[in-house]
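First up is the structure itself, then whatever we jot down about it.
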Amino acid sequence: MFSPLKLIQPTTVQDASQALAEFGDKAKLYAGGAELLLLLRNRLIDAEVLIDVKQIDRLRRMDSNNGTLRVGACVTHQELAKNAAIRERAPAFAYAESQVANIRVRNQGTLGGNLAFNDPHSDPGTVLLVHNASVTIGNAKGERRLPLDEFFVDMYATALEAGELLLEVEIPSLPAGMTSSYLRLHRYQRPTLGVAVAARITNGIMEEVRLAVGCIGPKAQRLTELEKKCAGTPLGDAKKILAEQKSYLRGLLQPVDDLLGGAEYKLYMTGVMLGDALEQVAHNNGALRSH
Ligand SMILES: Cc1cc2nc3c(=O)[nH]c(=O)nc-3n(C[C@H](O)[C@H](O)[C@H](O)COP(=O)(O)OP(=O)(O)OC[C@H]3O[C@@H](n4cnc5c(N)ncnc54)[C@H](O)[C@@H]3O)c2cc1C
């Protein structure tokens, strides 16, 4: 049973931010409610006021400018999975969105709610990292923009400050010739592991490689040192490098034992699935013959 809640439905960012300032800790931003209502029902958080941000027009918009897709925070997972521009320009992201939970959660949950909650067992953030995505954050006084990897601070923690809303996510297209892949491992609805790879491969050599891993530790992360090691190598060598990086991955990703799997298992599967994703990218690039 919920305690009675006051619902506020602002139509501007300024009004939403002012409501946050007015009600302080008693208020929570509410988008799809997929996470929030569960937390309230299980009394893991407390609120007296819900500020529904879905009536803010700007947060519902999606457009593109000079190759960068701009997605409002309240666009749902299902809208993203089905959107033609996303499927064409960021197909691995569209695929990741199509894998979130189930159709009920995808219709209800929003990209902004997913990123702002920053549950470690999430899909979209990992693949957005290889796109070098950034976010726009705002309050009644103004806006700021920061790279997604700086927005993710820790498990359930982001760079959002009191009174701020996540407004938009900017997703640049991948550079010409680069293709991407997202693979996830799951036993239940929430993923145990998600890996994203983007690479440009010329004459069988990895010219530029971007790698990201999510779910196994506190937050999704780019593997920049490994990217450098893989650049300039043939596919077979890159796969070998990826399979041999357990201690680097352990230090960076801080995997934990939990109900979704043991830390050692997750680390092993990270190496394997990064290699598989790289192979899929090579295949998409035309660098491998089709099976
Ligand atoms: C059964 C189940 C299975 C799931 N499986 C997956 C999965 O496989 N992969 C995956 O990635 N995710 C999964 N999820 C998580 C789901 O994707 C997220 O719950 C959803 O995207 C959250 O979005 P929402 O709009 O419902 O957020 P809400 O529940 O409304 O809000 C979540 C949090 O974000 C804050 N918030 C919301 N919008 C904003 C904003 N614009 N600015 C600042 N803060 C904001 C809220 O205050 C709250 O703290 C699952 C969830 C459930 C319940």
Side-chain angles (χ1 to χ4, degrees), residues 5 7-10 12-13 16-17 19-20 23-42 44-47 49-61 71-81 93 95-129 135-139 143-144 151-153 155-169 182-194 196 214-215 219-220 259-260:
L5 290 161
L7 181 67
I8 298 180
Q9 296 191 296
T12 65
V13 173
S17 174
L20 277 175
F23 293 102
D25 286 346
K26 292 183 202 149
K28 296 279 179 259
L29 293 175
Y30 159 65
E35 298 285 13
L36 195 68
L37 299 183
L38 280 179
L39 296 172
L40 286 168
R41 195 162 54 208
N42 292 310
L44 293 170
I45 59 167
D46 200 17
V49 179
L50 293 187
I51 304 169
D52 176 4
V53 289
K54 292 189 296 297
Q55 309 302 319
I56 304 174
D57 196 37
R58 176 176 172 191
L59 272 56
R60 297 274 323 128
R61 270 190 235 140
V71 178
C74 287
V75 176
T76 65
H77 299 299
Q78 185 68 357
E79 287 169 318
L80 290 163
F93 174 54
Y95 171 73
E97 287 289 0
S98 77
Q99 298 302 296
V100 169
N102 54 48
I103 187 68
R104 183 189 65 74
V105 172
R106 287 198 294 278
N107 273 328
Q108 181 186 1
T110 65
L111 178 61
N114 186 291
L115 300 179
F117 193 53
N118 200 16
D119 184 301
H121 298 107
S122 297
D123 293 282
T126 307
V127 67
L128 287 176
L129 286 176
V135 292
T136 304
I137 289 170
N139 61 17
E143 294 179 10
R144 62 190 176 111
F151 179 73
F152 292 146
V153 172
M155 187 183 326
Y156 303 109
T158 67
L160 280 167
E161 287 174 10
E164 284 188 319
L165 285 77
L166 175 56
L167 306 181
E168 281 167 2
V169 183
Y182 178 70
L183 296 178
R184 86 203 281 270
L185 176 69
H186 65 281
R187 275 187 77 187
Y188 309 107
Q189 276 170 355
R190 291 255 183 200
T192 301
L193 165 66
C215 307
K219 59 176 185 173
L259 290 174
L260 301 183

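Just follow the structure's listing: the first ligand is 1, and inside any ligand the first atom is 1. What's counted below: heavy atoms across the whole structure, side chains too, no hydrogens, waters or symmetry copies. Every value quoted in this text rests on a predicted model; they were computed, and no experiment measured them.
- Backbone and side-chain nitrogen or oxygen atoms of T110 are examined, and one is located within less than 3.5 angstrom of a nitrogen or oxygen of ligand 1.
- Nearest residue to atom 30 (O) of ligand 1 from G33, A16, G138, A101 is G33 (criterion: closest heavy atom).
- Those atoms of ligand 1 with a heavy atom of L165 less than 4.0 angstrom away are 42 (N).
- Taking every heavy atom of both residues into account, A220 and T126 meet most closely at CB-OG1, 3.6 Å.
- Considering backbone and side-chain atoms alike, R184 places an N or O below 3.5 Å from some N or O of ligand 1.
- Checking A34, G72, C215, A116 against atom 36 (N) of ligand 1, the nearest heavy atom belongs to A116.
- When atom types are taken as modelled, the side chain of S17 and the backbone of E164 share no donor-acceptor pair closer than 3.5 angstrom.
- Within 6.0 Å of atom CG in L44, more than 12 heavy atoms from other residues, nucleotides or ligands are found, so the atom counts as buried in its surroundings.
- Using modelled atom types and a 3.5 Å distance limit, the side chains of Q9 and D52 yield a donor-acceptor pair.
- Applying the 4.0 Å criterion to heavy atoms of G32 picks out, from ligand 1, the atoms 24 (P), 25 (O), 26 (O), 30 (O).
- Remark: D25 CG is loosely packed, at most 12 non-hydrogen atoms of other residues, nucleotides or ligands lying under 6.0 Å away.
- R144 places no side-chain N or O within 3.5 Å of a backbone atom of I137 that could act as its donor or acceptor partner.
- What sits closest to atom 51 (C) of ligand 1 on the protein, heavy atoms only, is R190 NH2, 3.5 Å.
- Within ligand 1, counting atoms from 1 as listed, the ones closer than 4.0 Å to a heavy atom of S122 are 10 (C), 11 (O).
- The two residues T12 and I56 come nearest to each other via the heavy atoms O-CD1, 3.7 Å.
- Ligand-side atoms of ligand 1 in range of A73: 41 (N), range being under 4.0 angstrom from any heavy atom.
- T76 approaches R106 most closely through the heavy-atom pair CB-O, 3.5 Å.
- Numbered from 1 in the order shown, with element, the atoms of ligand 1 that lie under 4.0 Å from a heavy atom of L38 read 53 (C).
- Taking every non-hydrogen atom of D123 and a distance limit under 4.0 Å, the qualifying atoms of ligand 1 come out as 7 (C), 8 (O), 9 (N), 10 (C), 11 (O).
- Of the options G112, A27, G113, the smallest heavy-atom separation from atom 27 (O) of ligand 1 is shown by G113.
- For the pair R106 and ligand 1, no heavy-atom separation below 4.0 Å is found.
- Close contacts of ligand 1 with L36, meaning ligand atoms under 4.0 Å from a residue heavy atom, involve 29 (O), 48 (C).
- Checking only distances, L29 does come within under 3.5 Å of ligand 1, N or O to N or O.
- The distance from ligand 1 to the heavy atoms of P124 drops below 4.0 Å at these ligand atoms: 11 (O).
- Rounded to the nearest 0.5 Å, atoms CG (L185) and CG (L260) are 9.5 Å apart.
- Side-chain N or O atoms of N118 include one that pairs as donor or acceptor with a backbone N or O of A157 at under 3.5 Å.
- Proximity of H186 to ligand 1 is not established, as no heavy-atom distance is less than 4.0 Å.
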